[in-house]
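Have a look at the structure below before the remarks.
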2 protein chains.
Amino acid sequence: MGAALTPNETEVLALLRGANGPMTAYQLLGRMQRNGGAVAPPTVYRALKGLEEAGVVQRIETLRAWAVVTSPVPGVVAICDDCGAVRSVEAQGVFEGLHQRLAAEGFAEARQTIEVHGRCGDCTGGQT
Amino acid sequence: MGAALTPNETEVLALLRGANGPMTAYQLLGRMQRNGGAVAPPTVYRALKGLEEAGVVQRIETLRAWAVVTSPVPGVVAICDDCGAVRSVEAQGVFEGLHQRLAAEGFAEARQTIEVHGRCGDCTGGQT
DNA sequence: CAGATATACGTTATAGTATAACATAACACA
DNA sequence: TGTGTTATGTTATACTATAACGTATATCTG
């Protein structure tokens with residue numbers, strides 16, 4: 001099974017789970033400071049690193065922020081530029097197609113990042 | 001046609017074209033300072049913004065660096081973690097599949113980012 | 001021409017993101 | 001007891017990006 005989380009990792013994970021979207025490392029830091037006194041950036045970044053390696057959080061590259069992983073398989077991160085909502089959309093076929101395409105080039109992928117900006121269904125109001 | 005580039009944009013683009021891979025904004029800044037004396041970060045970032053809007057450069061999110069766009073259509077950015085090579089791989093089918101998948105969710109995408117880390121063909125030596 | 005607007009650029013300062021390096025504490029266990 | 005390992009604390013700094021304001025130049029227009 002996955003290794004147990006450390007206290008700091010547990011705290012960071014709880015904060016991210018309690019948020020309704022990604023948080024930046026310094027937002028997490030601020031929360032931890034209000035909770036627990038003196039906390040410095042490395043504490044947060046170390047926790048995020050551990051959680052990322054455990055596969056339970058991921059960095060949203062285009063937002064420079066961190067979010068909990070909501071899907072057991074890799075997802076496409078869909079970011080609404082209107083309302084800020086961030087969703088992970090399962091898209092096995094897309095990842096599979098990507099793998100095939102890169103394998104054909106001789107590229108052995110280790111980590112795929114797919115992020116999309118646009119407007120979510122709520123914000124387009126059904127408009128195409 | 002596309003708007004003409006400003007002198008600063010032209011200089012930044014030339015530097016990126018002359019590089020054999022992505023450069024960070026501050027690497028560009030260093031080069032410009034050695035060329036032209038006093039240059040400050042906003043000069044570089046403004047040029048990068050203009051070039052990005054013109055579609056001739058792009059930010060490689062996972063590297064926090066900037067590269068020239070080498071393909072007329074959006075490409076998958078394949079980054080070798082061994083040798084550092086960065087290639088843009090055309091993958092129309094992948095982008096199309098991504099579009100279909102998101103459209104089905106009611107999401108209207110404006111910008112897609114696909115970056116993959118791993119090992120390029122040269123570094124795997126043909127191994128699967 | 002005077003004045004208004006727009007564009008590019010310069011300049012200073014600061015905000016925001018991330019890591020290096022070294023010190024300490026607590027625990028496991030030979 | 002001593003030794004190694006893991007997690008954490010602490011200080012400082014590096015790296016990335018933007019805000020805000022000032023200046024110069026060109027263009028348009030009354």
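Just so we're on the same page: letters track the sequence lines, and every chain starts at 1.
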For a quick check under 3.5 Å, do B:Glu61 and A:Thr62 share a side-chain donor-acceptor pair by atom type? no
Assess, by modelled atom type and distance only, whether the side chains of A:His117 and B:Glu109 contain a donor and an acceptor separated by less than 3.5 Å. no
Between [X] ([atom1]) and [N] ([atom2]), how many Å, whole number?
X: B:Glu61; N: D:dA17; atom1: CD; atom2: C1'; answer: 13 Å
X: A:Lys49; N: C:dT17; atom1: NZ; atom2: P; answer: 20 Å
X: A:Leu63; N: D:dA17; atom1: CG; atom2: C1'; answer: 15 Å
X: A:Tyr45; N: D:dA12; atom1: OH; atom2: C1'; answer: 15 Å
X: A:Leu48; N: D:dA7; atom1: CG; atom2: C1'; answer: 15 Å
X: B:Arg59; N: D:dT18; atom1: CZ; atom2: C1'; answer: 13 Å
X: B:Met32; N: C:dC9; atom1: CE; atom2: C1'; answer: 11 Å

Sub-3.5 Å pairs of nitrogen or oxygen atoms, protein against nucleotides 20-27 of chain C:
none

Using a strict 4.0 Å threshold on nitrogen-to-oxygen distance, state whether B:Glu90 and A:Arg101 make a salt bridge. no
Close side-chain approach of [X] and [Y], heavy atoms under 4.5 Å:
X: A:Cys120; Y: A:Asp82; result: no
X: B:Leu15; Y: B:Val44; result: no
X: B:Ile60; Y: B:Trp66; result: no

Listed nucleotide nearest any side-chain atom of A:Arg64, set D:dA7, D:dA17, C:dT19: D:dA17
Closest of D:dT10, D:dT18, C:dA18 to the B:Pro41 side chain is D:dT18
Here the pair of heavy atoms bringing A:Val76 nearest to A:Ala91 is CG2-CB, 3.8 Å
Inter- and intrachain pairs under side-chain hydrogen bond (donor to acceptor under 3.5 Å, both in side chains), touching residues 22-47 of chain A, at least two apart: none
For DNA chain D, which residues in residues 7-30 of chain A have a heavy atom at a distance below 4.0 Å? A:Pro7, A:Asn8
Assuming nearest nucleotide by heavy-atom distance, tell me which of B:Thr6 and B:Ala40 is located more 5' along DNA chain C. B:Thr6
